[in-house]
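Remember, predicted model here, so these are calculated numbers, not experimental data.
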Amino acid sequence: YHYGIPKIAMDKKLFGVFEHTVLRKKSMLVRGFDDVFFAPHSRYSTVETSHIRHNNALQLISESKDAGAYIIASKDKKQIFVTGHSEYDSETLKLEYERDVNLGKDIHVPFNYFQDDNPSKNPVVK
C-alpha cells in the first residue's frame, strides 16, 4: 500500500518467534540491538524484501530469513514500518494459539516458542 509495495497473502499464518539480523547497524531504530535478535510474528500477509530493496525511498533495517522484512524506514525518517510484534509479552502467542485452537481453527504450534514445541510446556522467552 505505502510506496507501491503490495501486501501478499500467505497460505498459512506466520506464527512464532524468529531470528532477525540487523542490516543497518547505524540506524537509530536498532541502537542497542544485538546483531542477531529474536522477535515474534503473527500474521497472514507479507511483503517481498526485493520490493523494499529496489525502492529508493526506503531502507530495510532488519530482516529474517524465515519471516522476511522486519523493520523498514523511509529514508526521510518520517515513516517506520514493523512487520512483527515487538510489543508482545511472553504469554501473547500462547493466548493467541489457545484462542485459535478453542475456535477450531487450523493453526500450527507457534514456531520456536514453546519448550520442545510442546504447547503444554511453558513458552521459551529469548
Side-chain angles (χ1 to χ4, degrees):
Y1 173 77
H2 292 282
Y3 298 93
I5 295 178
K7 190 158 76 166
I8 301 163
M10 298 185 300
D11 293 333
K12 286 189 167 188
K13 185 178 193 176
L14 181 69
F15 192 37
V17 179
F18 298 89
E19 184 178 293
H20 298 75
T21 303
V22 172
L23 302 174
R24 296 188 175 271
K25 295 177 185 179
K26 295 189 182 203
S27 171
M28 289 176 28
L29 295 172
V30 290
R31 182 179 293 157
F33 278 48
D34 291 334
D35 292 347
V36 175
F37 64 96
F38 289 84
H41 287 261
S42 178
R43 55 189 164 91
Y44 286 98
S45 64
T46 192
V47 293
E48 291 287 337
T49 56
S50 63
H51 292 158
I52 297 163
R53 291 180 196 281
H54 291 101
N55 189 308
N56 291 330
L58 297 173
Q59 292 181 327
L60 185 59
I61 307 296
S62 68
E63 70 178 339
S64 165
K65 73 176 180 72
D66 296 313
Y70 184 60
I71 302 173
I72 305 115
S74 61
K75 287 185 180 174
D76 65 10
K77 299 182 178 150
K78 292 183 178 181
Q79 290 185 298
I80 301 163
F81 305 94
V82 180
T83 65
H85 290 283
S86 307
E87 79 282 7
Y88 278 12
D89 64 29
S90 62
E91 296 286 311
T92 304
L93 290 177
K94 177 182 184 212
L95 295 172
E96 188 174 328
Y97 173 73
E98 290 171 348
R99 177 203 65 202
D100 289 353
V101 167
N102 289 333
L103 290 171
K105 291 187 177 185
D106 182 21
I107 187 72
H108 59 84
V109 174
F111 175 79
N112 201 30
Y113 179 65
F114 291 110
Q115 292 177 20
D116 303 320
D117 291 324
N118 183 340
S120 68
K121 293 187 175 184
N122 291 325
V124 177
V125 179
K126 296 194 179 215

Worksheet entry | Derivation of the side-chain contact (heavy atoms from CB on, under 4.5 Å) call for Val109 and Tyr97 | CA-CA 7 Å; Val109 174; Tyr97 173 73; 3.6 Å; yes

Practice prompt. Show your reasoning for whether side-chain contact (heavy atoms from CB on, under 4.5 Å) applies to Lys13 and Asp100.
Written response: CA-CA 11 Å; Lys13 185 178 193 176; Asp100 289 353; 3.2 Å; yes

Worksheet item: Yes or no on side-chain contact (heavy atoms from CB on, under 4.5 Å) for Phe81 and Val47, after CA distance, side-chain angles and deciding distance?
Response: CA-CA 11 Å; Phe81 305 94; Val47 293; over 6 Å; no

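The two atoms that bring Leu29 and Phe33 nearest to each other are O-CE1, 3.7 Å, heavy atoms only. Lys94 approaches Tyr113 most closely through the heavy-atom pair N-OH, 3.1 Å. Heavy-atom minimum distance, Thr49 versus Gly68: CG2-C, 4.1 Å.
Side-chain atoms of Ser62 and Phe37, non-hydrogen and from C-beta on, do get closer than 4.5 Å to each other. Contact of the Phe15 side chain with the Leu93 side chain is registered, since non-hydrogen atoms from C-beta on lie closer than 4.5 Å. By the 4.5 Å heavy-atom criterion applied to side chains, Lys121 and Asp116 are counted as neighbours.
Here the straight-line distance linking atom CD of Glu19 with atom CZ of Phe111 works out to 9.0 Å at 0.5 Å rounding. Note: Lys12 NZ to Ile107 CD1 = 9.5 Å, rounded to the nearest 0.5 Å. Here OG of Ser64 is found 12.0 Å from CD1 of Ile71. Values are rounded to the nearest 0.5 Å. How far OH of Tyr70 is from NE2 of His41: 6.0 Å, rounded to the nearest 0.5 Å.
Within the structure, salt bridge (charged side-chain N to carboxylate O under 4.0 Å, His left out) contacts touching residues 43-72 (residues at least two apart or in different chains) are Arg53-Glu63. Sequence neighbours left out, the pairs with a member in residues 74-84 that pass side-chain hydrogen bond (donor to acceptor under 3.5 Å, both in side chains) are Tyr3-Gln79, Ser74-Asp76.
Within the 3.5 Å criterion, the main-chain N or O of Ile8 finds no donor-acceptor partner in the side chain of Thr46. One N or O on the side chain of Asn102 and one on the backbone of Glu98 form a donor-acceptor pair closer than 3.5 Å.
With sequence neighbours left out, the salt bridge (Lys or Arg N to Asp or Glu O under 4.0 Å) criterion links Asp35 to Lys25.
Side-chain N/O atoms of Glu96 and Ser42 include a donor and acceptor closer than 3.5 Å.
Atom CG of Asn56 sits in a sparse spot, with 12 or fewer heavy atoms from other residues, nucleotides or ligands closer than 6.0 Å.
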